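Since this is a predicted model, take the numbers as computed values, not measurements. Whatever order the structure lists ligands and atoms in, that order sets their numbers, starting from 1.
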Amino acid sequence: MAFLYKADPARGEQWARLFAIHAPDLPFRLWPDVGDPAEIRYLAAWKPPEDLHALLPNVEVVFSTGAGIDQFDLSGVPAHIPVVRMVEPGIVEGMVEYVTQAVLTIHRDLFDYAAQQSTRQWIERPVQPASARRVGVLGLGMLGQAVLERLNLFGFACAGWSRSPREMEGVACFAGAEALDAFLSRTDILICLLPLTDATRGILNANLLARLPRGASLINVGRGGHLNQPDLLAALDNGHIANAILDVTDPEPLPQSHPFWTHPRVRLTPHIASATRPDTAVEVVLENVRRHRAGLPMIGQIDRRQGY
Ligand code: NDP
Ligand code: OXD
């Protein structure tokens, strides 16, 4: 029985060292050095190989090295093999940090001050209390909830939207398509933390943006495929949307000629909002291996029908 890692090789070296310490009896292989393919029972990958079953006929569990699994072609993973996404504290911590800085950047008018600086203007703007700023998170999962818990501590007026009804202390929770209007119309800073599925692809489009109050801002940390880019550009250019902070784009990287690069109201980062941290992730993966061997449910197993 062996464990195969197929993702960023530098991180793979860290996983190898951690496996040697925490699971010395479980041989660890780093793609493409698969060894005897018949021995591979567990695969951790950002993207599994296309011919998974032919290549690794005895794989029992496929782990995503990310929290999202939209980069997987699930049709290539036989239905009897569980797919488990990354549910680990390191990725949560990173996302909370990133979204907090993005919300505070917008809340404290740093886009406007950057514009003023470029023309050497020293103009004070009135500071709004956080309680007057309505923040809304699309997606009330592992990351959306953690982000809202932190934003709540600043005193922002917090809300979240999910597919099924959720409850969170201090957060107005909305669920399903019928509640989307009410959620959007009370949101000044919208954060997308949805998984990319057939139901959410392109959700950040003209129709949705128009339902936000004029002057609202967008933070997209979900996936580039959630956003209709021309619709956002139009909304920025006509002033309906004031600012956008985008950590994810489609494609990644953006083409050099893309207008987002130079738009004064767009801030881009190269998909770094958060990443799986080997030190915390390996513990969770090894716990899942133990659970699988014991016939127990694994943490983060996805529902293939929902696609997340
Ligand atoms: P979870 O699976 O824990 O949560 C997903 C949330 O989205 C749930 O609340 C779910 O609703 C909701 N949701 C899914 N589909 C719909 C829908 N059709 N309508 C309404 N709500 C829906 O995911 P995570 O919080 O762990 O991660 C979210 C995403 O963040 C990842 O899939 C990934 O794309 C992205 N990500 C980005 C990173 C970056 O660096 N930019 C890093 C890590 C993740 P319900 O509660 O009803 O199930
Ligand atoms: C993830 C990511 O899904 O890094 O974990 O985007």
Side-chain angles (χ1 to χ4, degrees), residues 7-8 11 44-47 63-72 74 83-102 136-150 159-168 171 173-184 187 190-205 208 218-227 244-250 252-253 267-278 280-281 284-285 298-308:
D8 174 59
R11 282 159 179 262
W46 176 249
K47 270 189 190 182
F63 295 100
S64 166
T65 55
I69 54 101
D70 54 284
Q71 68 281 6
F72 274 41
L74 284 176
V83 175
V84 181
R85 68 194 197 87
M86 197 53 76
V87 173
E88 64 94 7
I91 208 165
V92 176
E93 210 174 290
M95 187 57 79
V96 169
E97 276 182 12
Y98 184 95
V99 175
T100 303
Q101 67 74 31
V137 178
L138 292 166
L140 276 175
M142 168 177 78
L143 299 175
Q145 289 195 28
V147 157
L148 280 163
E149 267 168 31
R150 184 64 56 88
W161 182 73
S162 53
R163 193 173 53 82
S164 48
R166 303 262 156 195
E167 277 184 22
M168 257 191 92
V171 175
C173 293
F174 298 81
E178 56 290 352
L180 188 55
D181 245 344
F183 166 79
L184 293 171
T187 294
L190 180 70
I191 299 151
C192 178
L193 265 169
L194 290 166
L196 185 63
T197 65
D198 290 345
T200 65
R201 189 176 305 280
I203 188 170
L204 303 174
N205 56 24
L208 177 142
L218 172 70
I219 298 167
N220 188 16
V221 274
R223 286 287 184 262
H226 286 127
L227 178 66
I245 297 181
L246 309 175
D247 178 58
V248 286
T249 60
D250 184 16
E252 291 179 0
R267 192 164 285 184
L268 288 176
T269 48
H271 198 146
I272 49 72
S274 190
T276 296
R277 252 178 45 199
T280 40
V284 173
V285 167
M298 286 175 286
I299 302 153
Q301 185 165 339
I302 66 141
D303 175 345
R304 280 173 179 247
R305 281 162 313 154
Q306 297 298 344
Y308 72 97

Inter-residue atom distance [X].[atom1] - [Y].[atom2], 0.5 Å rounding:
| X | Y | atom1 | atom2 | value |
| --- | --- | --- | --- | --- |
| I203 | L194 | CD1 | CG | 5.5 Å |
| I245 | R267 | CD1 | CZ | 6.0 Å |
| L148 | I191 | CG | CD1 | 7.0 Å |
| I302 | R305 | CD1 | CZ | 11.0 Å |

N/O separation below 3.5 Å, T197 to ligand 1:
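No: no nitrogen or oxygen of T197 is under 3.5 Å from one in ligand 1.
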Any N or O on M142 sitting closer than 3.5 Å to an N or O of ligand 1?
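Yes, since at least one N or O of M142 sits under 3.5 Å from an N or O of ligand 1.
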Minimum non-hydrogen distance to atom 5 (C) of ligand 1, winning option of A146, P195, G139
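Considering heavy atoms of A146, P195, G139, the nearest to atom 5 (C) of ligand 1 sits in P195.
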Side chains of T200 and Y308: donor-acceptor distance under 3.5 Å anywhere?
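Short answer, no.
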Has [X] got any heavy atom lying under 4.0 angstrom from an atom of ligand 1?
| X | value |
| --- | --- |
| R85 | yes |
| W161 | yes |
| V248 | yes |
| V221 | yes |

In terms of heavy-atom contacts, does CZ of R11 have more than 12 from other residues, nucleotides or ligands at under 6.0 Å?
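Yes.
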Exceeds 12 heavy-atom contacts within 6.0 angstrom, atom CG of D198
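Not buried by this count: 12 neighbours or fewer within 6.0 Å.
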For ligand 1, which atoms, with element, lie under 4.0 Å from some heavy atom of [X]?
| X | answer |
| --- | --- |
| A199 | 18 (N) |
| L194 | 7 (O), 12 (C), 13 (N), 21 (N), 22 (C), 29 (C), 34 (O) |
| H271 | 39 (C), 40 (O), 41 (N) |
| S274 | 40 (O), 42 (C) |
| L193 | 28 (C), 30 (O) |
| A67 | 43 (C), 44 (C) |
| D247 | 39 (C), 40 (O), 41 (N) |

So which heavy atom in the protein is nearest [atom], and how far is it from that ligand atom?
| atom | answer |
| --- | --- |
| atom 4 (O) of ligand 1 | G141 CA, 3.1 Å |
| atom 47 (O) of ligand 1 | S164 OG, 2.4 Å |
| atom 33 (C) of ligand 1 | R223 NH1, 3.5 Å |
| atom 44 (C) of ligand 1 | L143 CD1, 3.4 Å |
| atom 42 (C) of ligand 1 | M95 CE, 3.6 Å |
| atom 9 (O) of ligand 1 | L140 N, 2.8 Å |
| atom 10 (C) of ligand 1 | Y308 OH, 3.4 Å |

Where does ligand 2 get N/O contacts under 3.5 Å from the protein, atom by atom?
| residue | atom | partner | partner atom | Å |
| --- | --- | --- | --- | --- |
| ligand 2 | 3 (O) | A67 | N | 3.2 |
| ligand 2 | 3 (O) | G68 | N | 2.8 |
| ligand 2 | 3 (O) | R223 | NH2 | 2.7 |
| ligand 2 | 5 (O) | A67 | N | 2.6 |
| ligand 2 | 6 (O) | R223 | NH1 | 2.8 |
| ligand 2 | 6 (O) | R223 | NH2 | 3.3 |
| ligand 2 | 6 (O) | H271 | NE2 | 2.6 |

Between [X] and ligand 1, which part of the residue brings a heavy atom under 4.0 Å of the ligand: side chain, backbone, both or neither?
| X | value |
| --- | --- |
| Q306 | neither |
| T200 | side chain |
| R163 | both |

Given 3.5 Å as the limit, does a donor-acceptor pair link the side chain of [X] with the main chain of [Y], or not?
| X | Y | result |
| --- | --- | --- |
| W161 | V137 | no |
| H226 | P195 | yes |
| S64 | G68 | yes |

What is the minimum heavy-atom distance between [X] and [Y], and which atoms define it?
| X | Y | result |
| --- | --- | --- |
| E252 | D247 | OE2-O, 4.4 Å |
| M95 | L143 | CB-CD2, 4.0 Å |
| F72 | W46 | CE1-O, 3.2 Å |

Charged N-O contact under 4.0 Å between R150 and E97
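No, R150 and E97 are not salt-bridged.
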Pair R223 + D70, salt bridge at N-O below 4.0 Å:
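Here R223 pairs with D70 in a salt bridge, since their nearest N and O are under 4.0 Å apart.
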